[in-house]
Amino acid sequence: MAEIVIENYIGGEFIACDTHLDSFDPSTGTVWARIPDSGKNEVDLAVTAAKNAFPSWSSKTANDRSTILNKIADVIEANLEELAQAESKDQGKPVSLARKVDIPRAVHNFRFFATAFLHTANRSTLLEQAGAVNYTTRSPIGVAGLISPWNLPLYLLTFKVAPCIAAGNTCVCKPSEFTSVTSWMFAKLLNEAGLPPGVVNFVYGTGPKAGDAIVRHPDIPIISFTGGTVTAQKIIEASAPNCKKLSLELGGKNPAIVFSDADLDKCINRAIHSAFANQGEICLCTSRIYVQDAIYNTFITRFVEATKKIIVGNPKDSSTNMGALVSKEHLAKVKGYVRSAKEDGGKILIGDSVDELTLPKENEKGYFMLPTIITGLDDQSRCMQEEIFGPIVCIQSFTTEQEAIDRANGVKYGLCASVWTTDIGKTHRVAHKLQVGTVWSNCWLVRDLRMPFGGVKSSGIGREGAEESLDFYTEQKTICIQHS
Ligand code: NAD
């Protein structure tokens, strides 16, 4: 029996849907919520509501919009604990992580974009020979389609909604069908914050049905999508007939390069966090670690010892470091990579298939997996090439700086990389040559929303951040006037 039945949020109202999908609590394997199985009809209604809200919302002053965005941040913050509990139950992550990272970041997204666009100036040029002046204007685009994944549900959804509406657009959002609950709670908070009806709408359901209807809708000219690379390819195709503006934040196969002069005390802890945080289900998680051969054995010994201390268990327990993976199917997929690694001659140092996982009785049917470390694989093996998106990290040794760079770049993805060294010259040299959107040196996941974020190669198209989100969510026009 589901605890919660979710309704679509359209035009400021909650509207029941005829058919529903089950949503599971990954830590127990039981159904805890039912979400609408929406399709074209529900998307059409939501687009109409968003279109009706656009003229008034887009003509408000930026300051008026800013006031509402700040109120939204306040109400999320006031409900932080409830949202963190729900995010954990829906996604499987430890409550402590949702409390510390997911929900505070949702608050920050609104506080940041409440003011981020208030201080920009238009461009102008003077063409003296032609006796003309040029200047630019910026306008919101209309109804945006915002499609988000299940790994950081409210965190990533609000990273789209906040800049989208701050710039004066309205939107139709589709959260992942695996993790819809916190966005529905968030919808109630939008009413409480006084957001006018129809500015933000939520349509729940699957990607091929509800998501595809958003992507194909002729009255949605702009789509921001975060998710898998294969899904992005479908979105590019489906949106092509309408030439939509797309921002695509996609998968990764992120390397860490650990040089022999690295501060290992700092590196080991952060590298473990980068591999296993959120059960390894962060697009930015480190998946391949290249360690310089002089320190390889020491690194492996210390990395394995520290990983053994990770507690996998009930996400509600404050001592838990790793919760459950998002779904039964995803757990099976991730475990399949361990089998594949063995077939490819890899050695499982600790974790799945070599150690036993004991769980509390209530979690025995949950989708848990031990953090797993694999060595001895060829760079071309599946585990070294494909995005796993779970608690598996592969470690290899390297000899020269150029070799490390070439091997780090030797995948189709290019989201982020981390470089561990105390030599600042080496940091710059290597960072410049890595084919990724973000390089962290001696740290991981230190985010500044003012900076551009996104991937290269199969990890994405476009950037998000203060200037970049403004560019994406507005259209510029050049006006040229001859005055003499
Ligand atoms: P996914 O691509 O399966 O789904 C993402 C969203 O797209 C969901 O809401 C889904 O319902 C929807 N969708 C699926 N098919 C669709 C279609 N045909 N048309 C329209 N919408 C469709 O991804 P996921 O499994 O939810 O998330 C994991 C992936 O997301 C990983 O690859 C991860 O790396 C990536 N990710 C990237 C970033 C980033 O910022 N680069 C951040 C988080 C996650």
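Numbering of ligands and ligand atoms starts at 1, following listing order. Any value given below was found using the heavy atoms of this structure, including those in side chains, with hydrogens, waters and symmetry copies removed.
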Which protein N or O atoms sit under 3.5 Å from any N or O of ligand 1? Give each pair with its distance.
| residue | atom | partner | partner atom | Å |
| --- | --- | --- | --- | --- |
| ligand 1 | 2 (O) | G228 | N | 2.8 |
| ligand 1 | 2 (O) | T231 | OG1 | 2.6 |
| ligand 1 | 9 (O) | S148 | O | 2.8 |
| ligand 1 | 9 (O) | K174 | NZ | 3.1 |
| ligand 1 | 11 (O) | K174 | NZ | 2.9 |
| ligand 1 | 11 (O) | E177 | OE1 | 2.6 |
| ligand 1 | 11 (O) | G207 | N | 3.2 |
| ligand 1 | 23 (O) | G228 | N | 3.4 |
| ligand 1 | 25 (O) | W150 | NE1 | 2.8 |
| ligand 1 | 26 (O) | W150 | NE1 | 3.2 |
| ligand 1 | 30 (O) | G227 | O | 3.3 |
| ligand 1 | 32 (O) | E387 | OE1 | 2.6 |
| ligand 1 | 34 (O) | E387 | OE2 | 2.5 |
| ligand 1 | 41 (N) | L250 | N | 3.2 |
| ligand 1 | 41 (N) | L250 | O | 2.7 |

Ring centroid separation F14 to Y9 under 6.0 Å
yes

What residues form a side-chain contact (heavy atoms from CB on, under 4.5 Å) with S458, not counting sequence neighbours?
T229, K412, Y413

Under 4.0 Å between a Lys/Arg side-chain N and an Asp/Glu carboxylate O for E77 and R111?
yes

Axial cation check for F453 ring with R463, 6.0 Å and 45° limits:
no

Sort and list the pairs that fulfil salt bridge (Lys or Arg N to Asp or Glu O under 4.0 Å) and have at least one residue in residues 369-395, not counting sequence neighbours.
D379-R407, R382-E386

Could you note down all residue pairs passing salt bridge (Lys or Arg N to Asp or Glu O under 4.0 Å) where residues 38-51 supplies at least one of them, sequence neighbours left out?
K40-D44, K51-D219

